Each structure stands twice: as structure tokens, then as C-alpha cells.
2 protein chains.
Amino acid sequence: MPDRTFGGLDPEQFRQYGKQVIDWIADYLANAERYPVLSPVKPGEVRRQLPAEPPSAPEAMDAILSDFDRVMMPGITHWNHPGFFAYFAISGSAPGILGELLSAALNVNGMLWRTSPAATECEEVVMDWLRQMLGLPPEFEGVITDTASVSTLIAVAAAREALNRRVREDGLAGRSDLPRLRMYCSEQAHSSVEKAGVVLGLGQAGVCKIPVDAEFRMRPDLLAAAIDEDRRAGWLPFCVVATVGTTSTTSIDPAPAIADICSRERLWLHVDGAYGGIAAIVPEMRQVLDGCERADSIVVNPHKWLFTPIDCSAFYTRHVDTLKRAFSLVPEYLRTAEGDVGVVKNYMDYGVQLGRRFRALKLWFVIRSYGVEGLVSHIREHCRLAREFAVWVDDDPAFERLAPVPFSTVCFRYRPDGIGDESELERLNADLIDAVNATGEAFLSHTQLSGKYTIRLAIGHIGTQEKHVARAWQLLRDLSANLRESMPAF
Amino acid sequence: MPDRTFGGLDPEQFRQYGKQVIDWIADYLANAERYPVLSPVKPGEVRRQLPAEPPSAPEAMDAILSDFDRVMMPGITHWNHPGFFAYFAISGSAPGILGELLSAALNVNGMLWRTSPAATECEEVVMDWLRQMLGLPPEFEGVITDTASVSTLIAVAAAREALNRRVREDGLAGRSDLPRLRMYCSEQAHSSVEKAGVVLGLGQAGVCKIPVDAEFRMRPDLLAAAIDEDRRAGWLPFCVVATVGTTSTTSIDPAPAIADICSRERLWLHVDGAYGGIAAIVPEMRQVLDGCERADSIVVNPHKWLFTPIDCSAFYTRHVDTLKRAFSLVPEYLRTAEGDVGVVKNYMDYGVQLGRRFRALKLWFVIRSYGVEGLVSHIREHCRLAREFAVWVDDDPAFERLAPVPFSTVCFRYRPDGIGDESELERLNADLIDAVNATGEAFLSHTQLSGKYTIRLAIGHIGTQEKHVARAWQLLRDLSANLRESMPAF
């Protein structure tokens with residue numbers, strides 16, 4: 001019989017290797033900027049270094065850790081690098097890592113209250129802490145999911161159930177009593193909204209994308225018109241997803257006007273604040289959630305901009321009973337006395353997944369270790385840095401800013417004199433991104449805005465300081481000049 | 001500005017507290033049986049000890065860790081206790097914990113190949129290792145999801161897409177060209193199968209539950225009959241979920257016969273082997289997956305019985321293109337050059353969630369640290385212990401075994417002479433479970449089988465040895481005798 005819980009290790013060896021890993025992490029986090037942000041490996045390069053067959057016999061932890069360093073590390077794109085400006089930067093802070101480590105050690109499945117009362121009750125408390133920090137009213141009850149994709153999926157599923165059309169019981173297909181269902185979001189909404197529509201059986205056609213204004217915000221007048229027109233055409237509108245901080249530009253849909261429409265039309269309003277909603281913890285930014293207090297559900301992601309290791313998504317709804325009606329299935333083997341009498345929450349009833357990690361613990365570590373003030377100051381600083389970067393862009397005639405900067409993300413492009421052709425600009429800016437990324441000092445990603453290829457610089461890593469943003473700007477200026485010079489047309 | 005990545009800590013303090021946490025974990029894992037398995041706290045007891053409001057100022061890590069011990073620990077149900085026999089016991093082994101710790105530190109989101117090539121390629125390799133261990137053919141391509149609930153959801157979504165009825169584009173509702181869709185599973189299938197049906201818009205009515213034989217296995221003759229009858233009644237059958245190791249009794253549906261039916265009827269066959277499928281890595285148990293090599297998709301859960309910390313579910317399908325057609329949505333901001341030309345996998349295309357933790361790392365640690373032989377020997381031993389326990393039950397006239405024991409789970413009840421009434425037996429056995437659980441030495445859960453209240457003893461924690469199983473049996477015998485004596489009717 002090989003060793004049990006400790007694998008090939010005994011408890012003393014676990015201590016030794018565990019501490020070695022902790023030392024490695026301390027060095028890594030303190031020096032993450034020594035690594036190239038974007039991994040320079042080529043496709044297949046990591047795979048080729050791994051044996052094609054699993055080992056029959058146990059391998060020594062020394063060998064595993066050494067392969068981790070030798071094979072895995074070169075293939076890591078460093079989300080911990082303060083020069084990570086792509087997508088939305090995230091941070092797993094040190095306190096969050098310790099919380100995650102303890103969760104992994106406890107290894108509880110918090111599906112039922114009794115399968116770890118502390119997991120359920122810590123989640124209730126921490127989610128209420130975050131609700132207060134966001135300034136949401138106490139009617140909002142929270143549950144932690146893994147990702148915003150799942151939070152939005154369960155929101156739309158609850159909205160579908162709120163129709164009271166026996167969707168849970170009878171489904172959607174082959175029913176002459178049920179028209180086609182339609183939900184609405186802006187054309188700038190995240191792909192997870194459309195994915196929720198596809199998964200839930202609405203189809204892509206059931207997700208109506210409302211055009212945006214010049215600042216990439218959903219146009220409520222066009223939303224109202226679309227709903228009217230759809231009703232006349234026999235659709236059954238049931239849900240609107242408003243976004244606070246869209247992925248491309250971090251624009252903020254006008255929630256108050258959208259909430260008016262939803263209330264008049266009796267539609268479920270879900271707010272996707274996965275990234276931007278978090279900023280509402282900053283007192284002078286609280287207005288980013290204006291109108292969202294009237295939503296039926298909202299998601300914000302602590303793993304995105306609250307320094308909590310991935311994954312941790314915070315979902316709130318004021319209609320928990322509807323959510324449970326959409327999801328709760330309690331087979332005999334999961335019945336408990338305390339669940340039957342309803343004195344506890346069994347979070348398995350709140351969504352898709354039965355298995356639930358103790359994710360609240362890391363969030364509890366993060367909020368306590370930073371304190372609300374600490375968290376606020378980081379987010380405030382990220383936004384300040386973004387505004388500063390936007391000024392640099394605005395002041396440089398060779399660059400053009402392409403969207404407002406309500407949070408910590410700046411959309412812009414290089415647009416030197418003499419180049420007006422969009423496809424030429426696209427190639428130039430794509431090359432510029434590649435050139436910056438190839439330095440290993442910064443990692444940028446792109447989007448398209450009104451047909452314009454757009455560079456995004458998204459500040460969100462907790463280690464990012466002014467010098468990192470300034471360095472990115474210097475790289476952009478230097479490398480764009482090089483590219484311009486090497487252009488044949490020049 | 002407060003401290004950055006390290007929270008209220010500096011790197012040296014992180015080392016100190018990290019090592020303190022490692023020591024705590026080593027002590028905890030080595031002595032998990034000193035804690036009561038099932039937490040004895042009352043509803044609200046943990047919550048009441050936590051402040052109702054979040055702290056404004058940073059708190060010291062000493063205080064957080066001390067509260068963790070003082071407030072959280074009493075509210076933990078110890079899935080690490082070798083006397084955990086409820087539901088399906090799981091284990092987060094020491095090597096898995098180190099892997100999880102490194103994942104948390106790297107904090108990568110493996111949504112795209114480029115957002116950490118090592119995360120994608122390690123996943124490809126490790127999933128292929130596991131495929132080989134399970135004896136599945138190389139056509140099966142794998143992806144890691146969080147839970148079996150999600151793996152089954154994406155399986156059924158792919159099956160729905162495989163109909164080629166424009167479900168992705170047009171959805172299910174209000175379509176006169178689409179009949180009602182129906183999927184099939186046994187009446188012993190896990191609740192997540194029905195939940196997948198509800199989420200995907202089939203409704204509970206769209207999930208047809210086929211009766212089982214005396215050993216709780218799906219009856220293929222009744223499956224075939226149900227499909228026939230449904231076709232005549234205008235349903236569109238599209239998917240069958242067979243289970244290898246059902247939750248109540250761990251029965252094994254006859255996959256070869258079911259595969260015949262699916263192939264004749266052109267239905268997608270998904271195998272839920274979340275628990276039992278893992279046993280196929282044991283050479284003399286390989287036949288538990290007989291017929292499953294013909295499935296369209298299959299799920300097994302490394303976080304269930306392969307000593308990998310929760311969450312980690314391994315999903316395989318031979319129709320990756322169909323899976324991607326069901327899920328892939330690539331907005332501009334997630335396009336990459338290497339993705340566009342198709343030389344890499346972007347795992348975000350394989351399911352619901354965009355955000356993806358680097359879960360393959362812990363599985364890589366586990367498989368390497370134990371070696372296949374080590375993993376096999378643990379599962380073999382669990383099954384041996386269960387067979388031994390079954391013999392004890394069989395040999396005791398006051399107890400009755402209620403199902404075969406193909407894996408490591410035993411279903412039985414206390415049935416002393418003179419008590420024949422089912423409701424009396426239910427009360428007696430429920431009291432017996434409560435009495436055993438109250439000792440803190442073992443944790444059992446229950447199910448219902450053919451109207452009989454049934455005790456389940458599920459062996460799956462890596463630390464469980466013969467002495468723990470023997471102790472559970474001793475408790476069951478002693479406490480049942482006590483209960484019998486205290487019965488008024490006696």
C-alpha cells in the first residue's frame with residue numbers, strides 16, 4: 001500500500017515541499033516582472049516536453065517541482081506581471097492565495113449546509129459584506145458561482161422561469177402555447193450573454209442586440225422600440241441584460257432608463273457588472289451602479305477586480321425563490337432534516353453545479369486583509385492611472401483615443417499622419433500590439449470599435465504602478481515609430 | 001497606498017504566514033480524525049460569530065488565521081476524515097494541494113491558448129494520460145470542467161446541437177418545425193442529468209426516466225420501448241445518459257446494450273461515470289466501462305475518486321467539432337492569430353465558462369506523485385474494504401444488504417426481527433444514521449431504494465483504512481442495539 005493522503009510524501013516531507021513552494025511563490029510574486037508577460041513559447045512546445053504516457057510508478061516531488069519550473073513556467077502567460085494590460089487584468093493577491101490554499105486543504109464540497117456549515121454561512125456573510133460595499137439594497141441575496149458566464153446563465157434561467165410558463169416542467173420545444181422568447185443586450189455586451197441564450201434554448205436569434213450610442217452605451221429608445229416591434233411580431237420578450245463596464249470599452253449602459261423600460265414591460269433586468277460593478281465600492285464612483293438597485297439580478301466578479309484568485313463570481317438576486325424554482329432538484333440522497341424544514345440554505349439549489357468549492361474563504365481573507373479602504377484605494381488608483389494614460393494618448397497627435405475612460409481601461413490606436421486606410425491601420429496596430437507583446441514587458445489585446453481596430457490597455461493587476469503604465473506608453477511610442485519607419489510607403 | 005500584491009503583508013511576512021499555513025495543513029491532514037466528521041454546529045452558529053459589516057481597515061493575518069481556527073473550523077464537515085462515508089467521499093491529497101496552491105499563485109485564466117500555453121497543453125496531455133488509464137480509445141478528446149453537473153450539461157448541449165436542427169441559431173421555442181425533444185436516463189440517474197434537461201430547455205418532461213432492474217440498472221428493453229413509443233407520440237428522441245456507478249447504489253447501466261440502441265436510433269450516448277468510471281483504471285475492473293468506448297461522450301471526476309482537490313471534472317467526447325458548434329462564440333476581443341488559423345486549442349470554445357482555472361496542474365501533480373500504480377492500488381483497496389463490509393452486513397441477521405457492491409459503496413439497513421413496517425424501519429434507520437453521525441467518528445448518508453430507507457456507506461477517502469470501516473460497523477451494531485432497546489414497542 002503506498003502512502004495515503006500525503007501521496008509519495010510523509011507529513012514531514014509535505015511540510016518541507018510545501019514551504020519550498022511558499023518560498024517559490026514569495027519570490028515569484030515579488031519578481032513577477034522578471035518574466036515575459038506573454039509566454040513566448042510556440043504551439044506544441046510545452047506538450048512536446050511532457051511524456052505522452054502517464055508514469056506507472058510514483059515520481060519524486062523534486063522531479064515534479066523541477067519540471068514545473070523547467071516545462072510549465074516558460075509556457076505561462078503572467079497574469080501576475082504588473083505589465084499585464086490585456087483583456088481585463090486580474091490579481092490573486094497573497095491573502096487570497098492563503099485562503100485558496102486552506103480551501104484546497106479542507107477540500108469541502110459546500111453543496112449542502114451540513115456538508116460544511118461554515119462554507120455556507122461564511123458565503124452568506126461575505127456576500128452580504130460585498131453587497132454593502134457595492135451599495136446594493138438588502139433585498140439582494142448573494143451566491144458565489146465560479147464565473148460570470150455561469151452567473152449570467154443562472155440569471156437568464158431565472159428570468160425564463162419568472163415567466164411562469166412551465167418552462168421548468170415542459171421545456172420550450174414543440175409547444176404551441178409558447179411563442180419564441182427574446183432577451184436583449186447591447187451589441188457591446190459580453191459573449192457570455194449570447195452564450196447563455198444559446199445554452200438556455202433561446203438561440204442566437206433569441207438574443208437581440210441593441211445598438212449603442214457614440215459612447216458605446218445601449219440606446220434605451222432603441223431597446224423600447226425593439227421590444228414593441230418584437231411583441232407585435234409575436235415574440236415574448238422576457239429579459240434585458242445591461243452592462244456596467246462592457247468588455248471592449250468599459251462603457252456603462254444607462255441602467256435607470258433601462259430599468260424604467262423593464263419595469264413598464266415587466267422584463268427581468270440582469271446587470272453584468274463583472275468588471276465595472278466592482279468600482280462601485282469606491283465612494284466617488286458609486287454612481288456607476290445607479291439604477292442597478294432596481295435590477296432583478298446582478299453579477300460582479302471578485303476574481304476580476306477584487307484581488308481574489310480565480311474563480312469567484314458574486315451573483316445577487318432579489319428573487320431567490322425564482323432562482324431556486326429554476327434550479328432546485330433535491331433527490332432523496334441529498335435530503336437533510338434541516339433542509340426539509342428550511343432553516344438553512346443549501347446552495348446547491350441556487351444554480352447549475354452540485355459540487356461547490358469553499359470559495360467564500362478566499363474572499364473573506366481578501367476583504368479582511370486589505371480592509372474596504374485598502375480595496376477602494378487600489379481601484380481608485382487603477383482608475384487614476386488609466387485617466388493619466390488617456391491624457392498621454394490625447395496629447396500625442398500620432399495616437400487617437402477611441403472611447404471614454406469611465407474605469408481603468410483605455411481604448412486607442414496609433415494613427416500617424418498619412419495613413420487613412422482602415423485595413424492599413426488595422427495591420428499597423430496589430431503589428432504594434434505584437435511588437436509590444438514581444439518585448440515581454442507589457443501585454444495588450446485588441447477589439448474592434450465601429451470598424452476600427454482598437455488597442456486596449458486594461459489596468460487591473462494589483463501590482464501595476466505608474467512606472468508600468470508609463471513603460472507601456474514608451475513602448476507604444478517607440479515601437480510605433482519604428483514600425484512607421486519600416487513601412488514601405490513611407 | 002497600501003501594500004500591493006501581498007495585501008497587508010510584505011514578501012517576508014507572506015513566507016512566514018504561508019509556512020505557518022503549511023504547518024497547519026500538515027498537522028490537519030495527519031490528524032483529521034481528531035475532528036468530528038460531521039460538524040456539530042447549529043444553524044446560524046458560525047454566522048453569528050462573524051461581523052455583520054466588512055472591516056474598513058486592514059486586519060492582521062494573525063487575527064484572520066486565528067478566526068479561521070476559532071470560527072470556521074468548528075463549522076467544517078471534514079471531508080478529509082477517514083470516517084467520511086457519506087455521499088461519495090472525496091480526497092484532496094497532499095500533491096494535489098501543492099498543485100492547487102501553485103495554480104492559485106499563477107492565477108492564470110486559461111481561456112485562450114495564449115493566455116497560458118502551458119495551461120492548455122498540460123490539460124491536453126494530462127487528459128490524454130487519464131484517457132489511456134481509463135482504456136478509452138484515442139478518438140476521445142478531453143477537456144476539464146469544474147463539475148460533473150457542467151460536464152453532463154455540455155454533453156447534452158452537444159447532443160442537442162448534433163440534431164442539426166438549428167438549435168444554436170433559432171433556439172427551441174415557438175418553432176412549428178421542431179417537435180418536443182426527449183432524452184433518456186435511468187430512474188437512478190443523478191439529479192444533474194435532469195437539471196441539464198431543465199437548463200437546456202427540454203423541461204423535466206423532456207427527461208424520460210427508464211425503470212431499472214432488480215440491481216438498479218437501466219432496462220434496455222424498456223429504453224427501446226420508450227423511444228419507440230415517444231417517436232409514435234411525436235417526440236424527437238436525441239440523447240441517452242447511461243450511468244456507470246449511480247449515486248444511490250453505484251449500479252452500472254448496461255452500456256453495450258444501450259450503445260446498440262443509440263446506434264440503431266441515432267441517439268447521442270453520454271456516460272456519467274463521475275464516480276464509477278474512475279475505477280476503470282484498475283486493470284481487473286476495466287470492464288465497468290464495457291460498451292462506453294462506443295459512447296459519444298463520457299465524464300469521470302478526478303475530484304471524486306482520483307485524489308484531486310475539488311473541482312476537477314474530466315469530460316471526453318469523440319465529437320469535439322459538435323461540442324464547439326454548440327458553444328464557440330469568438331468575439332473580436334478574444335480573437336488571436338493562432339486561434340484564427342486553428343493551430344491551437346482555445347478551451348473557452350469547449351463549454352459554458354469563459355474563465356478557466358489551471359486545473360490540469362493539480363491533476364498532473366497527483367498522477368505523477370502517486371503514479372498510475374499508486375492510484376490503482378488505492379481504488380482497489382477501497383473496493384476490497386467495501387466488499388468486506390458487505391460480508392459483515394450479510395453475516396449479521398439484524399442487517400440487510402439492499403444492493404450489489406460493484407465499487408466501494410454499500411447500501412444496507414438495520415432490520416431487526418419483529419419490525420416489518422416500512423415507516424418504522426425508516427425512522428429506526430434515520431435515527432441510527434443520526435446516532436452514528438453524532439459520534440463524530442463516522443458520517444453516513446441515506447437514500448431510498450424501492451421504497452426502503454437505505455443507509456449508504458461510501459468508501460472513497462484516501463486515508464480510509466480497514467480500521468475506520470470496522471469502527472463504522474461497530475458503531476452501527478452498538479448504536480442499533482441501543483436504539484432497539486429504547487424502542488417503546490420492545
Side-chain angles (χ1 to χ4, degrees), chain A residues 2 4-8 11 14-15 18-19 22 25-26 30 43 46-47 50 54 57-59 72 75 77 92 94-95 97 100 104-105 107 116-118 121 125 129 147 149 170-174 179-180 191 201-203 206 309 329 331-333 343-344 353 355 368-369 371 374 447-448 463, chain B residues 2 4-8 11 14-15 18-19 22 25-26 30 43 46-47 50 54 57-59 72 75 77 92 94-95 97 100 104-105 107 116-118 121 125 129 147 149 170-174 179-180 191 201-203 206 309 329 331-333 343-344 353 355 368-369 371 374 447-448 463:
Chain A
R4 291 187 176 82
T5 311
F6 289 94
F14 173 75
R15 279 181 221 276
K19 290 172 186 179
I22 291 288
I25 293 172
V46 173
R47 193 172 46 227
L50 298 171
E59 296 191 73
M72 296 295 167
T77 290
I97 293 167
E100 189 76 292
N107 202 42
S116 272
E121 298 193 6
V125 169
W129 285 4
T147 58
S149 305
D170 297 333
L172 301 170
R180 296 180 73 175
S191 52
L202 316 169
L329 287 169
E332 182 65 30
Y333 47 81
V343 296
V344 297
Q353 295 111 328
R368 293 190 64 181
S369 184
T447 190
Q448 287 273 357
Chain B
R4 291 186 176 82
T5 311
F6 288 95
F14 173 75
R15 279 181 220 275
K19 290 173 186 180
I22 291 289
I25 293 172
V46 172
R47 193 172 47 228
L50 298 171
E59 296 191 74
M72 295 296 166
T77 290
I97 293 167
E100 189 77 292
N107 203 42
S116 272
E121 298 193 5
V125 169
W129 285 4
T147 59
S149 306
D170 297 334
L172 300 170
R180 296 179 73 175
S191 52
L202 315 169
L329 286 169
E332 182 65 31
Y333 47 81
V343 296
V344 298
Q353 295 110 328
R368 293 191 63 181
S369 183
T447 189
Q448 287 272 356

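Protein chains get the first letters and strands the later ones, always in sequence-line order, with residue 1 at the start of each. Fair warning: this is a prediction, and the values are worked out from it, not measured in the lab.
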Counting only non-hydrogen atoms closer than 4.5 Å, does [X] touch chain A with its backbone (N, CA, C, O), its side chain (CB onward), both, or neither?
X	answer
B/Val343	both
B/Pro179	backbone
B/Thr147	side chain

request  = Give, as side chain, backbone, both or neither, the part of A/Glu100 having an atom under 4.5 angstrom from any heavy atom of chain B.
outcome  =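 For A/Glu100, side-chain heavy atoms alone lie under 4.5 Å from chain B.
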Give the member of [options] that has the highest number of heavy-atom pairs under 4.5 Å with chain A.
options	result
B/Ala26, B/Ala30, B/Pro11	B/Ala26
B/Ser149, B/Gly171, B/Ala173	B/Ala173
B/Gly355, B/Pro54, B/Gly206, B/Pro331	B/Pro54
B/Lys19, B/Arg368, B/Gln353, B/Arg15	B/Arg368

Please report the closest heavy-atom contact between [X] and [Y], naming both atoms and the distance.
X	Y	value
A/Asp170	B/Arg180	O-NH2, 3.3 Å
A/Asn107	B/Gly92	ND2-N, 2.9 Å
B/Ala94	A/Phe14	CB-CD1, 3.5 Å
A/Ser369	B/Pro58	O-CB, 3.2 Å
B/Ala104	A/Pro309	O-CB, 4.4 Å
B/Ser191	A/Leu329	O-CD1, 3.6 Å

ask   = If you tally heavy-atom pairs under 4.5 Å against chain B, which of A/Leu50, A/Val344, A/Val125, A/Ile22 wins?
value =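 Highest number of pairs under 4.5 Å: A/Ile22.
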inquiry  = Let's test your reading of the structure: which of A/Ala57, A/Gly18, A/Gly75 forms the most heavy-atom pairs below 4.5 Å with chain B?
reply    =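 Top count of heavy-atom pairs under 4.5 Å with chain B: A/Gly75.
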ask   = Is there a donor-acceptor pair under 3.5 Å between the side chain of A/Glu121 and the backbone N or O of B/Val46?
value =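 Yes.
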